[in-house]
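Down below is the structure, laid out as structure tokens.
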Amino acid sequence: MLKTYAVIGDPIEHSLSPTIHNAAYRELQLECTYIAYRVAQGDLATGIESLKKIKISGFNVTIPHKIEMMNYLDNVDDNCKKIGAVNTVLNDDGILRGFNTDMDGFLEPIKRKELEIKNSKILLLGAGGASRAIVAGFQKENAREITIVNRTKTNGDELAQFSNKLGLNATSQTIEDMNSFDSNFDFIVNASSLGLKNENNIIPEKLFDEKTIIYDIVYKPVKTDLINKAKEKNCKIIFGYEMLLGQAIRSFEIWLDRKAPYDVMKRSILGGF
Ligand SMILES: NC(=O)c1ccc[n+]([C@@H]2O[C@H](COP(=O)([O-])OP(=O)(O)OC[C@H]3O[C@@H](n4cnc5c(N)ncnc54)[C@H](OP(=O)(O)O)[C@@H]3O)[C@@H](O)[C@H]2O)c1
């Protein structure tokens, strides 16, 4: 029987998830299909009812529903509880089970490249939904401390509080404060929306050198200004598409209980740009 999967959110038309998952189904000759379904803010309950009616097998959840979706689940995994948001739902015969694969998706390329997180010092730009999963990931892997820089200081303060509560030592600073930082960060992560519209990098270049790992989670364009600057300085680089791929692979494995075809899914993403 054909199994249907989906991603719900708004906006949704530019989502790469259908491309990635359908490429995997084709490769493994699975009788599955994956669609993008626009569900506007305020319409989540109706959207879920519609998905249940078509006996959806599972779905991904993206902006703006990741937090509200928690209210519609029959049970959630530990990552959802920790982060307070869900991005993957499995429909187990009418029982909706929630998972959060953003954290493992973020960590996946770091682990794949065998980079050390334990005891590391992190600079994180951004304090939105994705940043929460990132902070939780660094805490899980025993990073030493994290400096959070955000445009709106109060949002940065809130994320620092969340991090300290989890047990990862955090401080919140302003964008201007970055000019006075020492250049001893092991990881510099951009989890803000900066770069999405080809904006210039705002992280001072004196903060990174060839030992620094620069991770830009913005995946469109593939090469943001931050990535280009990091290349000039010979930094170790992790691209946003690698996180996107990491979370898609985890969702695939939760739904289908088998290993995802990494290379095929990667090729489908890079072909989509
Ligand atoms: N690679 C992946 O798999 C993946 C996964 C999730 C998200 N992302 C990308 O990551 C980015 C953030 O996602 P999100 O879900 O965390 O979004 P979000 O919840 O809307 O948060 C956006 C963050 O970016 C900051 N920001 C927005 N415009 C800015 C600007 N002009 N200058 C400085 N800071 C700015 C916001 O600061 P304020 O607090 O001041 O508003 C906030 O911290 C998006 O570009 C998204 O596409 C990638």
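For ligands, and for the atoms within them, numbers begin at 1 and follow the listed sequence. Heavy-atom basis, side chains included; hydrogens, waters and symmetry copies ignored. Positions are given from 1 along the sequence.
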Taking all non-hydrogen atoms of both residues into account, name the closest pair between K233 and E205 and its distance. NZ-O, 2.9 Å
Could you tell me, atom by atom, which parts of ligand 1 come under 4.0 Å of a heavy atom of N150? 37 (O), 38 (P), 39 (O), 40 (O), 42 (C), 43 (O)
shortest atom 32 (N) of ligand 1-to-protein heavy-atom contact is with L194 CG, 3.5 Å
List every atom of ligand 1 that sits less than 4.0 Å from any heavy atom of G126, numbering the atoms from 1 in the order shown and giving each element. 43 (O)
Closest heavy-atom contact between A36 and I12? CB-CG1, 4.1 Å
Is the cationic atom of R132 (NZ for Lys, CZ for Arg) positioned less than 6.0 Å from the six-membered ring centroid of F162 and within 45 degrees of its normal? yes
Does F187 have its ring centroid less than 6.0 Å away from the ring centroid of F138? yes
Numbered atoms and elements of ligand 1 in range of A127, under 4.0 angstrom, heavy atoms: 43 (O)
With only distance considered, is S131 within less than 3.5 Å of ligand 1 through an N or O on each side? no
Shortest protein heavy-atom distance from atom 10 (O) of ligand 1, along with the residue and atom involved: I217 CD1, 3.2 Å
Polar-atom distance check: K66 versus ligand 1, any N or O pair below 3.5 Å? no
Work out which heavy atom in L28 is nearest to a heavy atom in F252; give both atom names and the distance. CD1-CZ, 3.6 Å
Salt-bridge contact K153-D157 (side-chain N to carboxylate O under 4.0 Å): yes
For the CZ atom of R144 and the CG atom of N142, what is their distance to the nearest 0.5 Å? 12.5 Å
Heavy-atom contacts with L244 under 4.0 Å: which atoms of ligand 1 show up? List them by number with element. 1 (N), 2 (C), 3 (O)
Can T152 and N150 be counted as having a side-chain donor-acceptor contact under 3.5 angstrom? no
Identity and distance of the protein heavy atom lying nearest atom 12 (C) of ligand 1: A191 O, 3.4 Å
Correct closest heavy-atom pair for L166 and K82 would be CD2-CG, 3.9 Å
Mark yes or no for whether N91, through its side chain, and I56, through its backbone, hold a donor-acceptor pair below 3.5 Å. yes
Can you name the atoms of ligand 1, numbered from 1 with element, that are less than 4.0 Å from a heavy atom of L196? 45 (O)
Do me a favour and list the nearest non-hydrogen protein atom to atom 24 (O) of ligand 1 with residue, atom name and distance? S193 N, 3.1 Å
Could an N or O of ligand 1 be found under 3.5 Å from any N or O of I202, whether backbone or side chain? no
Looking only at protein heavy atoms, which one is nearest to atom 11 (C) of ligand 1, and what is the separation? S192 O, 3.6 Å
I'd like to know if atom 46 (C) of ligand 1 has any protein heavy atom within a distance of less than 4.0 Å. no
Pull out every atom of ligand 1 sitting under 4.0 Å from any heavy atom of V218, numbered as shown with elements. 45 (O)
Should we say atom NZ of K266 is surrounded by more than 12 heavy atoms from elsewhere, each under 6.0 Å from it? no
So between E199, R132, R151, whose heavy atom ends up nearest atom 35 (C) of ligand 1? R151
Sidechain N-carboxylate O distance under 4.0 Å for R38, D43: no
Quick one: which ligand 1 atoms are inside 4.0 Å of a heavy atom on N155? 38 (P), 39 (O)
Given the protein's heavy atoms, is any one of them under 4.0 Å from atom 20 (O) of ligand 1? no
One finds that the ligand 1 atoms under 4.0 Å from a non-hydrogen atom of T152 are 38 (P), 39 (O), 40 (O)
Starting from atom 5 (C) of ligand 1, locate the nearest protein heavy atom and write down its residue, its atom name and how far away it is, to 0.1 Å. M243 CE, 3.8 Å
Nearest neighbour in protein (non-hydrogen) for atom 17 (O) of ligand 1: I63 CD1, 4.1 Å
Can you name the nearest heavy-atom pair linking F239 to Y215, along with the distance? O-CE2, 4.1 Å
To which protein heavy atom is atom 16 (O) of ligand 1 closest, and what is the distance rounded to 0.1 Å? A130 N, 2.9 Å
